[in-house]
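Both ligands and their constituent atoms are indexed starting at 1 by order of listing.
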Amino acid sequence: MTANSPTRARAPQVGITLDAVVVGAGFAGMYMLHRLRGLGLSALVFEAGGGVGGTWYWNRYPGARCDVESMQYSFSFSEELDQEWTWSEKYAPQPEILEYANHIADRFDLRRNIVFDTRVTAATWDEQTKCWRVETDRGDEVIAKFCIMAVGCLSAPNQPQFAGMSDFRGPIYHTGQWPQAGVDFTGLRVGVIGTGSSAIQSIPIIASQATQLTVFQRTPTWSVPAWNQELTDDYVRKIKADYPALRAKARARPTGFYFQYNLTPALQASAEEREKNYEEFWARGGLPFLGAYGDLLFEKDANDTIADFARRKIREIVKDPATADLLCPDNVFGCKRLCVDTGYFETYNLPHVKLVDVSKKPIERFAAAGIVVDGVEYPCDAIVTATGFAAMTGSFDKINIVGREGLALAEKWRAGPRTYLGLATVGFPNLFMITGPGSPSVLASMIQAIEQHVDWLADLIGHMRDIGASAIEPRLAEEDAWVEHVNEVSKVSLRSTCSSWYVGANIPGRPRVFMPYIGGFPIYVQKCNEVMNAGFDGFVLEDAKASNAAPNVRFTERWRVPLDMEVISPAAVAAKRVPVV
Ligand code: N01
């Protein structure tokens, strides 16, 4: 792996003018940089971390791995890249994904335009020059025509402030800001707060090291076994023999990744048929378990059948009935992001692992050597807060983004994010978001969602250069209509019914708005393509010296896949028969 932090000691960059500044060097920022350079444009990426990888740079907690199959959780823009990289496991572990990110940076020679260890603090639109002034915590102040936010959807850690936190004598680790050197819990009494995806993955590994593990659970979580395994040479060879075909099939799916699912409604099957079908999908494991029937996220009665099945699985695994009861969720199955685990529920059969319910009596305080709940102190030498993120908008909140007429983005989004297609927002010309709120983003395979956005933006930016346009911004009517549509579509799904981070409800005080677009990746992509075909319909282009009717499409073309109409036709949506993961 190449050394990651070539820029730790450096003089600030002041006064340089660029075509684009990209904020963040995760997969989104790296691919954007690659495309911008391919267009012959000057670009600089600012990255807060010491290396590339974004989410995969920060989330180094034990057991971190992807839950989209690795052969699909990778870039698809380069057939050579697909052929030369080989994943070792069905679900890639974090170190391997980070290695892949570093490989991308090296292979496409990206590091020379990335400034590490530097956090963007402000971006201000200048109406005179039609440029953004971008400032950082290292004193940089650069001017760019385009400011592209590649800040990630789950990148701003949520660290609740518990009473007495500073009294605690041991270390406190947030899963999303894990120490680079790793943590060895051997011989320690450990407390883990939270039972979302990060906790589910880390708890079995922490339990294998700690002398005592206490898990503080506010809401029990649905989790499906990963059945992770090493990939055989034969399997990899078969996929690589026709990788483009798999990529194309994935692009046509509501989630942007391919798996087998069943479109029939759950309640049409007999109880015996359902049981058999759920067993088969459980045996395949992972997120595709939700594809067992077509209506599971639309009809509560249908959802109850999968929830009953999954509760029975928990009770079969967990030996102590009282602990099993506590671990059984009573909310809609898959309403919060479904978790995928390896040995999570089994961990509670270990004698040194204890589950503490904090749903009714919350954590009272941290003491010098433990956590106090309902007057009882649970001893801890180290505490892990697996308490999630300020999702979708949290990373925007950290930057003082000021658009036309002094409007702050934080102010505009006070009641919830408003965007056109999750790509841009009125009042902030030439400011783009990759997987922004209002786009499929976290409801699709992230890398595919990123690629589609970057390709579309690269075509837009190339087109603006071709026609001499100085600025672009959505029209208010189209933005309002899109926000309305995102909101309407979300109501079709049971996912909008619970207090998840999808709706900002995991953090007190955040507006409750369903943030990602749940209408399905291909339908969204089709909308983006239509907007482009119509000369960026819904946007206002300023100072165009040539016609803006026919964009020269370079990269978006590969996203024009035929829709798998059986699965995602508008009729299927209306009939609530679109499997969503
Ligand atoms: O965060 P979460 P995460 N007192 O928000 C609890 C992706 N991801 O980091 O549910 C006590 O899901 C909170 O309780 P509650 C994936 O999209 C992917 O685990 O709010 N508890 C919850 O149990 C995922 O969904 C992968 O009642 C408190 C937990 O902390 C997303 O990231 C792996 C509390 C937070 O769970 C976020 O996952 C990891 C408090 N004051 C993450 N505050 C893979 O690809 C919060 N909690 C596999």
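- For a threshold of 3.5 Å applied to N or O pairs, the pair formed by Y61 and ligand 1 contains no separation below that value.
- Classified by interplanar angle (parallel below 30°, tilted 30° to 60°, perpendicular above 60°), the ring pair Y502/F514 is tilted.
- The shortest contact between atom 29 (C) of ligand 1 and any protein heavy atom is with A386 O, 3.2 Å.
- Interface atoms of ligand 1 facing R65, defined by a heavy-atom separation under 4.0 Å, are 44 (C), 45 (O), 48 (C).
- The only option from H34, E99, M30 that meets the side-chain contact (heavy atoms from CB on, under 4.5 Å) definition with I104 turns out to be M30.
- Across the listed options G388, S197, A391, S197 owns the non-hydrogen atom lying nearest to atom 8 (N) of ligand 1.
- Here atom 3 (P) of ligand 1 lies nearest to S198 when heavy atoms of G196, C339, P157, S198 are compared.
- Numbered from 1 in the order shown, with element, the atoms of ligand 1 that lie under 4.0 Å from a heavy atom of T195 read 22 (C), 23 (O), 29 (C).
- Looking at F216 against ligand 1, nothing comes within 4.0 Å, counting heavy atoms.
- Taking distance alone, with nitrogen or oxygen atoms compared against 3.5 Å, N158 stays at or beyond that limit from ligand 1.
- Remark: side-chain polar atoms of T255 are not paired, donor with acceptor, to backbone N or O of A444 under 3.5 angstrom.
- Taking 4.0 Å as the cut-off, F162 counts as a neighbour of ligand 1 on heavy-atom distance.
- Listed by number with element, the atoms of ligand 1 under 4.0 angstrom from any heavy atom of L154 are 7 (C), 17 (O), 31 (C), 32 (O).
- Taking the six-membered ring where tryptophan is involved, the planes of Y517 and H485 are tilted, since the angle between them lies from 30° to 60°.
- Residue N506 places no N or O, backbone or side chain, under 3.5 Å from any N or O of ligand 1.
- A side-chain contact (heavy atoms from CB on, under 4.5 Å) with M446 is found for exactly one of T435, V68, L154, namely T435.
- With S445 contributing its side chain and Y73 its backbone, the two residues share no donor-acceptor pair below 3.5 Å.
- Of all the atoms in ligand 1, the ones that sit under 4.0 Å from a non-hydrogen atom of I193 are 11 (C), 21 (N).
- Closest heavy-atom approach to atom 31 (C) of ligand 1 among the candidates Y73, W501, W56: W501.
- Just one of W222, W282, F259 meets the side-chain contact (heavy atoms from CB on, under 4.5 Å) condition when paired with F289; it is W282.
- Of the heavy atoms in K336, only side-chain atoms (C-beta onward) come closer than 4.0 Å to ligand 1.
- Looking at G194 next to ligand 1, no N or O pair under 3.5 Å apart turns up.
- Both tests pass for R60 against the ring of Y57: distance under 6.0 Å to the centre and angle within 45° of the axis.
- Under a 4.0 Å criterion applied to the non-hydrogen atoms of P160, ligand 1 contributes the atoms 41 (N), 43 (N).
- Atom 27 (O) of ligand 1 has T219 OG1, 2.4 Å as its closest protein atom, hydrogens excluded (heavy atom only).
- A donor-acceptor distance shorter than 3.5 angstrom exists from the side chain of R65 to the backbone of Y91, with no hydrogens or angles considered.
- In summary, the aromatic rings of Y378 and F216 are positioned with their centroids under 6.0 Å apart.
- Of the possible polar contacts, one joining the H352 side chain to the A207 backbone as a donor-acceptor pair under 3.5 Å is found.
- Nearest protein neighbour of atom 40 (C) of ligand 1, counting heavy atoms only, is R218 NH1, 3.4 Å.
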